[in-house]
Each structure stands twice: as C-alpha cells, then as structure tokens.
**Student:** 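Would you mind keeping the following structure in view while I ask a few things?
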2 protein chains.
Amino acid sequence: MTKQQQIIRRLLEQSETHPTAEELYWEAKKEMPNISMGTVYRNLGQMAEEGSIVRLHFPGQPDHYDKTIHPHDHAICVKCGAISDVELSSLKSMIEDTLSVDILSYELNIQCVCNACQSKAS
Amino acid sequence: MTKQQQIIRRLLEQSETHPTAEELYWEAKKEMPNISMGTVYRNLGQMAEEGSIVRLHFPGQPDHYDKTIHPHDHAICVKCGAISDVELSSLKSMIEDTLSVDILSYELNIQCVCNACQSKAS
DNA sequence: ACAGAAATGAGAATCATTCCTAAAGAGGTG
DNA sequence: CACCTCTTTAGGAATGATTCTCATTTCTGT
C-alpha cells in the first residue's frame with residue numbers, strides 16, 4: 001500500500017460528507033502537493049471494485065464516494081446538494097421477494113429538500 | 001411541434017426497449033437523414049423536463065429514455081445489458097414513511113442477471 | 001544491492017452531453 | 001401573399017468527468 005493510497009483512504013474515512021474524487025484530490029494535495037488526479041481516480045476505482053468503499057452516482061454531477069459499505073441508500077438535497085445516508089432496512093428483501101432474479105446490487109437515490117433547507121425556505 | 005420532435009417522440013413510443021439518445025438518433029436518421037444529435041438531445045431533454053418521458057441514469061453508460069412515465073423502477077442485466085421495468089408499488093410510500101422530508105423524486109436501479117441469461121449460463 | 005513487478009505523475013484521449021451561432025422554419029397579421 | 005417575430009434546427013465546437021498511456025519512480029523479495 002503506497003503513501004498515496006493511505007492518504008486517500010484516510011481522507012475518505014475522516015470525511016463526514018460523501019466527497020467527490022476532485023474534493024479528495026484537493027485535500028490530498030495539501031499533504032502531498034504533486035499527487036495526481038489520475039492516482040486519486042485509480043485508487044478510488046480500485047477500492048470501489050474490491051468493495052472497501054462505495055461509489056455513488058448522481059445524475060448531472062461527478063461521482064461521490066462513501067466510506068460506509070454497510071448497505072444503505074442516499075438522499076440528495078436539490079437545494080444545498082447535501083447527501084445524507086438513509087436506512088431502508090427491508091428494501092433489499094422487498095426487491096428480492098418481488099423479482100425472481102439474482103440481485104447483484106442496487107442503488108437508490110432520492111431527490112429531496114433536506115430539513116435544514118426546508119426550515120430556511122419557510 | 002416540429003417534424004423532428006414528432007419523429008423522436010414516435011420512435012421512443014414505438015420502442016420496446018429503453019433506448020439511448022444515440023440509438024434514437026440513428027433510427028431518426030433513417031427517416032430524416034440530416035437530423036442532428038443536438039436536436040435529439042435537446043428534445044429528449046425538454047420532454048424529460050416537462051415530464052412527458054423519463055430519463056434513466058445507469059453508471060458507466062449513456063442515459064436511457066423511457067416512454068413510461070407511470071412511476072416504476074428498473075433492473076439492468078449485467079450480462080446482456082437489457083433493461084426491464086420493475087414494479088415495486090409500495091416503495092414510494094415506504095420511503096416517505098421512513099424519511100420525514102419532501103421527496104421530489106427517486107431513482108432505483110437494480111443490477112441483476114436476467115432470466116434469459118440465467119438460463120443460458122447453466 | 002538488484003531484477004522484476006506494481007504504482008505514480010503528467011498530460012493526452014475519450015465520450016456523452018451541452019452550448020453556440022448562423023440559417024431555416026413556423027405562426028400570426030394585415 | 002408578404003412581412004415580421006419567435007422558435008427550432010444543423011453542424012460543429014466546447015465542456016467536463018473520467019480513463020488511458022507511458023516513461024519514470026517506488027516497492028518487494030532474495
């Protein structure tokens with residue numbers, strides 16, 4: 001495991017949000033000024049592939065990465081862009097009960113107005 | 001409504017799959033050889049925005065378009081790429097019951113091995 | 001210390017999608 | 001029909017996230 005990998009992994013682990021590759025890149029750059037975007041993308045890609053992190057896809061914006069690999073879903077606020085974790089515990093079994101196919105994975109993304117923005121807007 | 005719009009709309013309506021913009025473009029080109037990609041994208045984008053069609057997002061591939069606007073979800077086969085409609089009728093209310101926020105929309109995409117590919121693989 | 005394997009940095013390449021602009025088209029009015 | 005205005009189009013350039021390439025650097029095992 002290289003120094004770059006350690007930094008990327010630690011930064012994601014420490015993050016309370018669901019950062020993009022670019023956000024992690026700028027953070028990493030503070031510790032290792034000549035780290036490259038390619039390295040950040042490559043490592044995040046590998047970690048996602050091996051399952052030690054999760055890659056999140058939201059329409060019209062760059063992918064985000066999630067340190068939490070325990071199955072859960074996400075809601076994104078259309079006003080502030082904040083992404084929050086959502087627990088829909090029975091969803092997986094509900095899908096499996098409904099469909100008669102092998103489910104490999106699924107991604108549920110909810111567009112909402114978060115509580116903070118909801119209060120402000122009033 | 002222009003001729004281009006009519007063609008795009010009709011082709012999507014006739015389609016049994018969930019075509020991409022490019023697939024619709026090549027189909028449209030058979031009827032109107034100098035229609036442009038920009039026109040296809042622009043019209044699909046407008047229709048999706050006004051809600052008369054639905055835009056589907058799958059990781060790592062171009063967006064697909066769905067003529068069916070009735071709320072439903074999608075499963076994509078990781079072997080053949082086929083996209084099928086899935087009815088999970090109680091999902092919306094389940095999400096709304098669980099979260100205490102205004103849900104504007106959501107997208108659930110399931111990765112699976114479809115029945116056809118499952119049979120073949122045995 | 002040294003050979004071979006793996007990872008990096010820098011930047012080029014890719015590819016879906018959007019944007020730009022001059023030209024063409026549609027609609028309304030007299 | 002002729003004129004004007006607003007909208008849409010075709011074609012191509014621009015964008016932006018991501019991946020790829022490859023020469024160089026770093027790691028690993030002996």
Side-chain angles (χ1 to χ4, degrees), chain A residues 1-12 15 17-50 52-66 74 76 78 81 83 107 109 111, chain B residues 1-12 15 17-50 52-66 74 76 78 81 83 107 109 111:
Chain A
M1 175 171 299
T2 65
K3 196 172 180 187
Q4 290 87 341
Q5 285 173 34
Q6 288 170 29
I7 292 175
I8 295 167
R9 210 176 267 278
R10 176 168 45 75
L11 288 176
L12 180 55
S15 170
T17 64
H18 299 77
T20 62
E22 199 184 354
E23 286 166 353
L24 289 168
Y25 167 69
W26 289 113
E27 279 302 308
K29 215 171 171 61
K30 293 178 186 170
E31 302 182 28
M32 180 175 268
N34 63 346
I35 195 172
S36 73
M37 278 290 319
T39 298
V40 175
Y41 270 104
R42 179 163 20 78
N43 281 292
L44 288 172
Q46 281 173 195
M47 295 183 221
E49 193 141 353
E50 82 192 19
S52 62
I53 67 172
V54 177
R55 187 172 182 162
L56 305 177
H57 310 270
F58 292 94
Q61 60 178 293
D63 291 351
H64 294 251
Y65 294 87
D66 192 341
H74 296 90
I76 185 165
V78 296
I83 296 170
E107 189 171 356
N109 293 323
Q111 313 263 318
Chain B
M1 177 173 296
T2 65
K3 198 172 178 185
Q4 290 88 338
Q5 284 172 35
Q6 288 170 29
I7 292 175
I8 294 167
R9 210 177 268 277
R10 175 169 45 75
L11 288 175
L12 180 56
S15 170
T17 65
H18 299 77
T20 62
E22 199 183 354
E23 287 165 353
L24 289 168
Y25 167 69
W26 289 113
E27 279 302 308
K29 215 170 171 60
K30 293 178 186 169
E31 302 183 30
M32 180 175 269
N34 62 347
I35 193 171
S36 72
M37 279 289 321
T39 299
V40 176
Y41 271 104
R42 180 164 19 79
N43 281 293
L44 289 171
Q46 281 172 197
M47 294 183 220
E49 193 141 353
E50 81 192 20
S52 63
I53 67 172
V54 177
R55 186 172 182 163
L56 305 177
H57 309 270
F58 292 94
Q61 59 179 295
D63 292 350
H64 294 250
Y65 294 86
D66 191 343
H74 296 91
I76 184 165
V78 296
I83 296 170
E107 190 170 355
N109 293 323
Q111 313 264 316

**Student:** If you assign each of B:G38 and B:P62 to its closest nucleotide in DNA chain C, which residue comes earlier from the 5' end?
**Tutor:** B:P62
**Student:** With no hydrogens and no angle check, is any side-chain donor or acceptor of B:E107 less than 3.5 Å from a backbone partner on B:H57?
**Tutor:** yes
**Student:** Can you measure A:Y41 atom OH to D:dG16 atom P for me and round it to whole angstrom units?
**Tutor:** 13 Å
**Student:** Let me know the distance between CD of B:Q61 and C1' of C:dT14, rounded to the nearest Å.
**Tutor:** 17 Å
**Student:** CZ of A:F58 versus P of D:dT18: gap in Å, rounded?
**Tutor:** 13 Å
**Student:** Quick one: closest heavy-atom pair of A:N34 and A:K29, and the distance?
**Tutor:** CA-NZ, 4.5 Å
**Student:** Return the residues of residues 17-36 of chain A meeting this criterion: a heavy atom under 4.0 Å from some atom of DNA chain D. Order them by number, or give none.
**Tutor:** none
**Student:** Can you measure B:I8 atom CD1 to D:dT8 atom P for me and round it to whole angstrom units?
**Tutor:** 13 Å
**Student:** Whole angstroms only, please: what is the CG-P distance between B:L56 and C:dT17?
**Tutor:** 12 Å
**Student:** Side chain of A:T2 only, heavy atoms from C-beta on: which candidate in C:dT18, C:dT8, D:dT8 is closest?
**Tutor:** C:dT8
**Student:** Determine: side-chain N/O of B:Q4 to OP1/OP2 of D:dA10, distance under 4.0 Å, yes or no.
**Tutor:** yes
**Student:** How many Å lie between CD on A:Q6 and P on D:dT26, as a whole number?
**Tutor:** 15 Å
**Student:** Show the nearest heavy-atom pair for residues B:I7 and B:A28, with the distance to one decimal.
**Tutor:** CG2-CB, 3.9 Å
**Student:** Closest nucleotide of DNA chain C for B:M37 versus for A:Q46: which of these residues is on the 5' side?
**Tutor:** A:Q46
**Student:** Atom CD of B:Q5 and atom C1' of D:dT8: how far apart are they, to the nearest Å?
**Tutor:** 8 Å
**Student:** How far does the helix from C:dA1-D:dT30 to C:dG30-D:dC1 bend, going by the axes of its first and last five pairs, to the nearest 10°?
**Tutor:** 30°
**Student:** When you check the side-chain N and O atoms of B:S52 and B:E50, is any donor under 3.5 Å from an acceptor?
**Tutor:** yes
**Student:** Classify the side-chain pair B:D66/B:H74 by whether it contains a donor and acceptor separated by less than 3.5 Å.
**Tutor:** yes
**Student:** Just the rounded figure in Å: distance from P of C:dA7 to CZ of A:R9.
**Tutor:** 12 Å
**Student:** Mind running side-chain contact (heavy atoms from CB on, under 4.5 Å) on A:L44 and A:I53 for me, showing each step along the way?
**Tutor:** CA-CA 8 Å; A:L44 288 172; A:I53 67 172; 3.8 Å; yes
**Student:** Considering non-hydrogen atoms only, spot the tightest contact between B:Q5 and B:N43 and give its length.
**Tutor:** CG-OD1, 2.8 Å
**Student:** Whether the side chain of B:H18 engages the backbone of B:H64 through a donor-acceptor N/O pair (distance < 3.5 Å, no angle test) should be reported.
**Tutor:** no
**Student:** Go through the steps for A:Q4 and A:R42 under the test side-chain contact (heavy atoms from CB on, under 4.5 Å), then give the verdict.
**Tutor:** CA-CA 11 Å; A:Q4 290 87 341; A:R42 179 163 20 78; over 6 Å; no
